[in-house]
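Values below: all heavy atoms of this structure, side chains included; hydrogens, waters and symmetry mates excluded. Quick caveat: nothing in here was measured; it's all calculated off a predicted structure.
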Amino acid sequence: MTSHPSRHCTVELQALPSRIGQVRRIVSAQLRYWHLDPLIDRAALGVTELLSNVHRHARPDKSCTVELELLPDRLTVSVRDHDPRLPVPADATDPADATPLATCGRGLAMVAAVSESWGARPDGENGKVVWFTLPTTAAAHGHPARPPQDTPRPAPAPAPTPASAPAPVTATVVAGVSAAPGGGVTVGGTAVPLKVAAATAPAGAVMASAAADGGAAPG
C-alpha cells in the first residue's frame, strides 16, 4: 500500500531484492514531484542500504515500511521493521561491506556518509525505526536562476532591389528587308525610318512606323 499526501509518502513492502528496486523508483519519483531532484541519488542510496539491512538481518519476517517526510528544512527517510534489535555499524573487515563495487549491504557507514544525520529508535516492543535526514535548503539552491537575456534587436530592413535594365531588342531578319544607314530599314529599295516604343511594347517586340512614299510595309 502506498499513500501520497502532500508532504508525506509511505510504502509498505517485503524487503526482498526485487522489491528494493521498486522502492528506489518510488522514492525517486516522489522527490521529483516535490522538486527535490538534487536529493534523489543520496535518498535512493540510503533507503537501499536500510532495506538491505532488513533483508539480511530482520527477524522474524522481512515486512517493513518506508516513510518519507518533508519538512521546511529537511527530508527524513525512515524504515520501520518488526525486529526490536537496534542496528550496529558494520565492521570494516566485513567482506560484503569491503567490496568497492557492491550495490547493497554496505550498511550504516554508507548511510552516515550520504546523509546529514541518522539514528535508530525502538518502535514499541516488537520493532524499530532506522532513519536518516537530508537538508532541503541545499536542494533549493541546486537550481541557479537563469542569467538575463538580451532583448533581441530587430533585423535591418533589406536594401531595395535595383530596377532591372530593359531587355535588349532582338531584330529578326526578314527576306527582302535590310538595314539602312541612320538606324532604319530598307524595304524594296526604299529607306524607312524605325521607331521603337520600349515603354509600351512587350518584351522583345518592335513597334515600327513606316513613312514610305507610296510604299507598303511587308506583311
Side-chain angles (χ1 to χ4, degrees), residues 1-90 96-97 101-148:
M1 181 181 66
T2 304
S3 60
H4 294 280
S6 59
R7 297 294 177 180
H8 194 269
C9 176
T10 302
V11 183
E12 297 178 357
L13 73 150
Q14 292 287 327
L16 303 176
S18 60
R19 294 288 290 159
I20 292 174
Q22 295 176 0
V23 173
R24 284 175 60 97
R25 291 189 289 271
I26 292 174
V27 170
S28 299
Q30 186 64 38
L31 294 185
R32 288 191 188 95
Y33 177 74
W34 285 339
H35 304 290
L36 296 175
D37 296 52
L39 301 184
I40 289 176
D41 290 342
R42 287 182 290 166
L45 179 57
V47 77
T48 297
E49 297 306 324
L50 296 186
L51 291 176
S52 296
N53 284 343
V54 174
H55 172 68
R56 295 173 63 190
H57 304 297
R59 301 289 184 273
D61 56 55
K62 309 300 181 182
S63 58
C64 60
T65 302
V66 176
E67 182 177 353
L68 305 180
E69 183 180 11
L70 179 60
L71 299 177
D73 60 341
R74 68 182 180 275
L75 171 73
T76 302
V77 181
S78 60
V79 174
R80 177 182 290 104
D81 61 39
H82 298 156
D83 190 336
R85 297 174 299 167
L86 296 180
V88 177
D97 293 333
L101 299 180
T103 57
C104 63
R106 287 168 288 187
L108 297 177
M110 181 61 65
V111 174
V114 302
S115 64
E116 181 182 50
S117 60
W118 74 275
R121 65 178 185 271
D123 183 36
E125 296 181 357
N126 298 313
K128 66 177 178 296
V129 176
V130 184
W131 54 268
F132 65 90
T133 64
L134 298 171
T136 57
T137 52
H141 294 295
H143 300 279
R146 293 182 178 178

Requested in this report: Carefully, step by step, assess Val23 and Val27 under the rule side-chain contact (heavy atoms from CB on, under 4.5 Å).
Outcome: CA-CA 6 Å; Val23 173; Val27 170; 4.2 Å; yes

**Report entry** side-chain contact (heavy atoms from CB on, under 4.5 Å) evaluation trace for Val66 with Thr10
**Finding:** CA-CA 6 Å; Val66 176; Thr10 302; over 6 Å; no

Query raised in the report: Is there a side-chain contact (heavy atoms from CB on, under 4.5 Å) between Leu68 and Trp34 once you walk through the steps?
Result: CA-CA 11 Å; Leu68 305 180; Trp34 285 339; 4.2 Å; yes

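Minimum interatomic distance between Pro72 and Thr136 (heavy atoms only, all atoms of both residues): O-OG1, 3.1 Å. Considering every non-hydrogen atom in both Trp131 and Ala120, the closest pair reads NE1-N, 3.8 Å. For the pair Pro84 and His82, the tightest heavy-atom approach, listed with the atom from each and the gap, is CD-O, 3.6 Å.
Applying the side-chain hydrogen bond (donor to acceptor under 3.5 Å, both in side chains) test to pairs two or more places apart or on separate chains, those with a residue in residues 119-130 are Arg80-Asp123, Asp81-Lys128.
How far CD of Glu67 is from CD of Glu69: 6.0 Å, rounded to the nearest 0.5 Å. Note that the CD atom of Glu116 and the OG1 atom of Thr76 stand 9.5 Å from one another [nearest 0.5 Å]. For the atom pair OG (Ser117) and CZ (Arg74), the distance works out to 7.5 Å, reported to the nearest 0.5 Å. To the nearest 0.5 Å, atoms SG (Cys64) and CG (Leu51) are separated by 5.0 Å. The distance from atom CD of Glu49 to atom CD1 of Ile20, rounded to the nearest 0.5 Å, is 9.0 Å. Residue Leu39 holds its CG atom at 12.0 Å from OG of Ser115, rounded to the nearest 0.5 Å.
When each of Val79, Leu108, Val130, Thr48 is checked for a side-chain contact (heavy atoms from CB on, under 4.5 Å) with Asn53, only Leu108 meets the rule. Results of the side-chain contact (heavy atoms from CB on, under 4.5 Å) test with Leu31 over Leu134, Leu75, Leu70 single out Leu75 as the only residue that passes.
Listed by chain and number, the residues in a side chain to side chain donor-acceptor pair (under 3.5 Å) with Arg85 are Asp83 (sequence neighbours excluded).
With no hydrogens or angles considered, a side-chain donor-acceptor pair links Gln22 and Arg19 at under 3.5 Å.
Remark: Asp41 CG is loosely packed, at most 12 non-hydrogen atoms of other residues, nucleotides or ligands lying under 6.0 Å away.
In this structure, the side chains of Pro135 and Thr133 stay at 4.5 Å or more apart for every pair of heavy atoms. Side-chain contact check for Leu50 versus Phe132: some heavy-atom pair is nearer than 4.5 Å.
Judged purely by atom type and a 3.5 angstrom limit, His55 uses its side chain to pair as donor or acceptor with the backbone of Ala15.
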